[in-house]
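Just so we're on the same page: letters track the sequence lines, and every chain starts at 1.
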2 protein chains.
Amino acid sequence: MSDPLPPRRSDATRAAILDAARARFAEDGYERATVRAIARQAGIDPSMVIRYYGTKEALFARVVDVALGIPDPREIAAEELGTVLVEHFLDLWERDAVLVTLLRVGVTHPAGAERMRDVFRDQLVPAAERFGHDPADAPRRAMLVASQVLGMALLRYVLRFGPAAEMPRAELVAWLAPTVERYITAPSPAAAA
Amino acid sequence: MSDPLPPRRSDATRAAILDAARARFAEDGYERATVRAIARQAGIDPSMVIRYYGTKEALFARVVDVALGIPDPREIAAEELGTVLVEHFLDLWERDAVLVTLLRVGVTHPAGAERMRDVFRDQLVPAAERFGHDPADAPRRAMLVASQVLGMALLRYVLRFGPAAEMPRAELVAWLAPTVERYITAPSPAAAA
DNA sequence: GAATCAGGTCAACACCTGTTGGCATACTCG
DNA sequence: CGAGTATGCCAACAGGTGTTGACCTGATTC
């Protein structure tokens with residue numbers, strides 16, 4: 001897993017390409033983030049992008065590599081569970097653009113959608129298992145939390161809707177925390193049709 | 001506003017193009033829904049698409065024309081407000097693909113994003129004004145409801161995540177209704193940081 | 001100092017995009 | 001029946017796409 005490769009003279013360029021790719025994919029989605037546009041932003045020739053990363057798809061895979069780092073439930077006081085989680089998710093979305101990229105691409109490109117499923121299955125569901133009680137319930141709990149967090153992130157960070165983008169963070173947390181907390185801790189209504 | 005145009009012999013073809021466009025835009029987003037793909041699905045030549053609708057953008061504008069039809073608050077008993085609204089939104093998403101189209105395109109294409117803002121401003125916010133008490137609060141209430149509904153729709157109808165797509169409708173409503181109801185009726189926390 | 005090689009540019013490829021104009025057909029109306 | 005027109009297909013356009021190979025240049029190594 002480690003990379004004992006010696007530093008290459010082209011490392012700066014490789015990094016510039018990766019940075020430019022992050023920016024273009026996040027802002028424009030997969031199709032409109034062309035290899036030429038990425039190269040232009042990185043200040044090099046389009047052929048270098050392919051030479052160093054092989055393929056546009058491979059470059060994209062390098063860009064969307066995210067660790068959610070959901071906190072350990074044992075370190076959270078029960079009464080502020082929702083608050084801590086919402087704050088953590090907002091931090092994630094604001095720290096860098098990788099989640100914006102993932103959402104933007106996942107909606108239109110199959111590779112992006114699969115990457116989203118990976119993150120959900122490998123990180124969100126296991127976290128829900130650590131929080132919840134019934135492991136069979138974890139995917140549903142994780143999905144509910146994801147629905148609220150993704151919806152808000154869509155409006156605030158992707159579409160940048162006025163009311164969503166301008167709401168002060170503290171107020172946002174106050175609104176969402178009870179929702180997230182209930183999705184994790186409330187007893188299942190279990191289709192009381 | 002009315003259309004007293006006489007029926008043309010090409011009406012069937014025009015409708016076929018519109019149907020195909022709806023399907024392609026909904027499934028593939030704006031960029032991947034090519035004029036050629038739409039024409040192929042409609043069983044006609046690509047040039048006909050342009051001849052009848054002028055431009056790909058104009059065709060898209062024809063496709064994303066949606067009326068949310070949010071019910072009148074005076075016809076809803078206070079204790080089932082959340083349930084009625086969530087059911088209504090689920091109906092909208094399941095009835096046809098126009099909302100899936102709007103979400104899929106809005107995330108990557110500027111024209112789609114603007115169309116989403118239109119729907120929000122012209123339909124969702126006024127509805128929130130009818131429900132809520134303080135009109136200055138309406139955009140925020142509408143935005144909160146939209147965040148939960150859009151997030152769930154994203155998982156269930158666009159990405160078709162397993163846990164979201166498979167949850168029985170009644171259970172889904174039972175989970176979301178209290179959230180939506182609170183976003184509309186609860187007193188504002190107003191940034192109690 | 002000469003040989004080697006990585007870093008980078010240029011031009012081109014095969015293909016796909018939205019869009020346009022010309023041409024055949026078939027229907028409609030006198 | 002004949003003129004006119006709406007309907008549709010075909011071929012082509014100008015431009016953009018990801019990707020490839022030939023080539024130049026400057027640093028590294030013997």
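- Heavy atoms of B:Y52 sit under 4.0 angstrom from primed sugar atoms or phosphate atoms, though from no base atom.
- No more than 12 heavy atoms of other residues, nucleotides or ligands shown are found within 6.0 angstrom of CZ on B:R62.
- Atom pair B:I44:CD1 and D:dT7:C1' shows a separation of 11 Å (rounding to whole Å applied).
- Going from atom CG of A:L59 over to atom P of D:dT19 covers 10 Å, rounded to whole Å.
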Review item, side-chain donor-acceptor pairs of residues 136-150 of chain A, under 3.5 Å, at least two apart:
from	atom 1	to	atom 2	distance (Å)
A:D137	OD1	A:R140	NE	3.4
A:D137	OD1	A:R140	NH2	2.9
A:D137	OD2	A:R141	NE	3.2
A:D137	OD2	A:R141	NH2	3.1
A:R141	NH1	A:Y183	O	3.2
A:R141	NH1	A:I184	O	3.4
A:R141	NH1	A:A186	O	2.5
A:R141	NH2	A:A186	O	2.9
A:S147	OG	A:L144	O	2.7
A:S147	OG	B:Q148	NE2	2.9
A:Q148	OE1	B:Y183	OH	2.7
A:Q148	NE2	B:S147	OG	2.9

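- Judged as a ring-ring contact (aromatic ring centres under 6.0 Å, His included), the pairs with a partner in residues 96-116 of chain B (not counting sequence neighbours) are, in order, B:Y30-B:H109.
- Counting heavy-atom neighbours within 6.0 Å of A:E114 CD, excluding the residue itself, gives a total of 12 or less.
- Taking atom CD1 of A:I38 as the reference point, atom P of D:dT17 lies 11 Å away to the nearest angstrom.
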Using a cut-off of 4.0 Å between protein heavy atoms and nucleotide atoms, how would you tag nucleotides 15-30 of chain C 5' to 3' with B, S and -? --BBBBBB----S---
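- At distances below 3.5 Å, at least one donor-acceptor pair connects side-chain atoms of A:Q123 with backbone N or O atoms of A:L68.
- One finds a salt bridge joining B:R24 and B:D28 here, because a Lys/Arg side-chain nitrogen approaches an Asp/Glu carboxylate oxygen to under 4.0 Å.
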